[in-house]
Amino acid sequence: MSRTDTLMAEYPVKVTNLDKVLWPEAGVTKAEYIQYMIQMARIMIPHYTDRLLTVIRFPSGIHDKSFYQKNIPDGAPDWLKTHPVYSDDSHRDIHYLVVDNTATLLWLANQAAMELHPSYAKIHNLDQPTNIAFDLDPTVKEVDIAGFKKAVRVALHLKEALDDLGLPSYPKTSGATGLQIFIPIAPGYTFEDTRLITQFLAHYIVQKAPDICTIERLKKDRGDKVYFDYLQHWKNKTLSGPYTPRAVPSAAVSSPLSWDELREGVTPDLFTIRTMPRRIAEVGDLFAPMSQPGVEIRDILHFIKHHPTGSL
DNA sequence: GTACCAG
DNA sequence: CTGGTACAACGCTCG
DNA sequence: CGAGCG
Ligand SMILES: [Mn+2]
Ligand SMILES: [Mn+2]
């Protein structure tokens, strides 16, 4: 008989198959994933609260079948918070899960929901993102640290440009191969507004570092360059959330970083389910500023509208 | 991972 | 009971 | 419109 338990958080959560190995290379079991959620809940919850959650589940481990899940499944406990959003494509409401407590994170871990992807906007205003996110994707050929290093170089170019524009920026690993850079923004701006900024900077950085950065949408035209994926910041799209595990052999998680750490050459596999709780104890939540009031971008939008072909 | 159905 | 099976996303972009 | 993409 497989090991089972009922955990008492805000609500009782039944957990099953506790000894199932979800990350075989790292030897991480479901019990350890649940323990990770218990330790990280206080830090993670603010980054997911009031946001639509998309998850990727791997019920039999990272090397077996996986699937995206947006709708809350049948048989889910009734205390889970959900939010309906109409889908034009499937002509029905999608009942998204909204994380608002530890019990929900424990339930997700038991579901083998191993990747958590929150929306950019909060449920009370789904047309207004609370952040701008830049998604930097190495063109993957194999497990390749060179790709990540290149993404770091692109990120440092981007950081310089954002500094010049007076915008604060916070980087994190995706946990897989790439990097993401976030800016907290004030309420009142649409995805059309933020697209103006991400598109402008994508073009600007490609022009500044054409040997390592591309915006080619077709993979075959990207070469070995870093894909500056400005299309990823949009309504109904998501990125891996802060501190979410990823389905990679190392059991790496998405880790907020300091710019100095990036300059010093950290790599994604340094930050895992095993190491992140200790890191939190040491450096705290480097993404805490994302929960603070965001910056106004009105002046920058005005600037870009009058300099459509991009220079600073 | 879970609900459900046929055996 | 038990074993087998079905099911668990979506929508933008540009050629 | 649909292949491609994430
Ligand atoms: Mn990415
Ligand atoms: Mn991407």
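Since the structure is predicted, the reported quantities are computational estimates derived from the model, not experimental observations. First the proteins, then the strands, lettered A, B, ... as listed; each starts at 1.
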Who pairs with Asp299(A) by salt bridge (charged side-chain N to carboxylate O under 4.0 Å, His left out), at least two apart in sequence or on another chain? none
Proximity to DNA chain C (any heavy atom under 4.0 Å), residues of residues 151-159 of chain A only: none
State which residues pass salt bridge (charged side-chain N to carboxylate O under 4.0 Å, His left out) with Lys159(A); sequence neighbours excluded, sorted by chain then number. Asp163(A)
Pairs where residues 28-87 of chain A contributes a residue and the test ring pair (Phe, Tyr, Trp, His ring centres under 6.0 Å) is met, not counting sequence neighbours: Tyr11(A)-Trp79(A), Trp23(A)-Tyr33(A)
Taking the P atom in each of dA3(B) and dA8(C), what is the distance between them to the nearest angstrom? 15 Å
Letter per nucleotide, 5' to 3', of nucleotides 5-15 of chain C [B base touched, S only sugar-phosphate touched, - untouched; heavy atoms, 4.0 Å]: ---BBSBSBB-
For His302(A), which residues count as a ring-ring contact (aromatic ring centres under 6.0 Å, His included) partner, sequence neighbours excluded? His306(A)
Of all residues at least two apart in sequence or in a different chain, which pass the side chain to side chain donor-acceptor pair (under 3.5 Å) check with Lys235(A)? Asp127(A)
How close or far is atom C1' of dG1(B) from atom NZ of Lys20(A), stated in whole angstroms? 7 Å
For Thr16(A), which contact category applies under a 4.0 Å heavy-atom criterion: base, sugar-phosphate, or nothing? sugar-phosphate
Partner residues of Lys81(A) under the salt bridge (charged side-chain N to carboxylate O under 4.0 Å, His left out) criterion, sequence neighbours left out: Asp50(A)
Transitive ILVMFWY cluster of Val283(A), excluding itself - 4.5 Å side-chain cut-off: Leu286(A)
In chain order, what residues pass the side chain to side chain donor-acceptor pair (under 3.5 Å) check against Gln69(A), with sequence neighbours excluded? Arg57(A)
DNA chain D: first to last nucleotide in contact with chain A (atom under 4.0 angstrom from a heavy atom), 5' to 3', is dG4(D) to dG6(D)
Tell me every residue that passes side chain to side chain donor-acceptor pair (under 3.5 Å) with Glu10(A), counting only those two or more places apart in sequence or in another chain. none
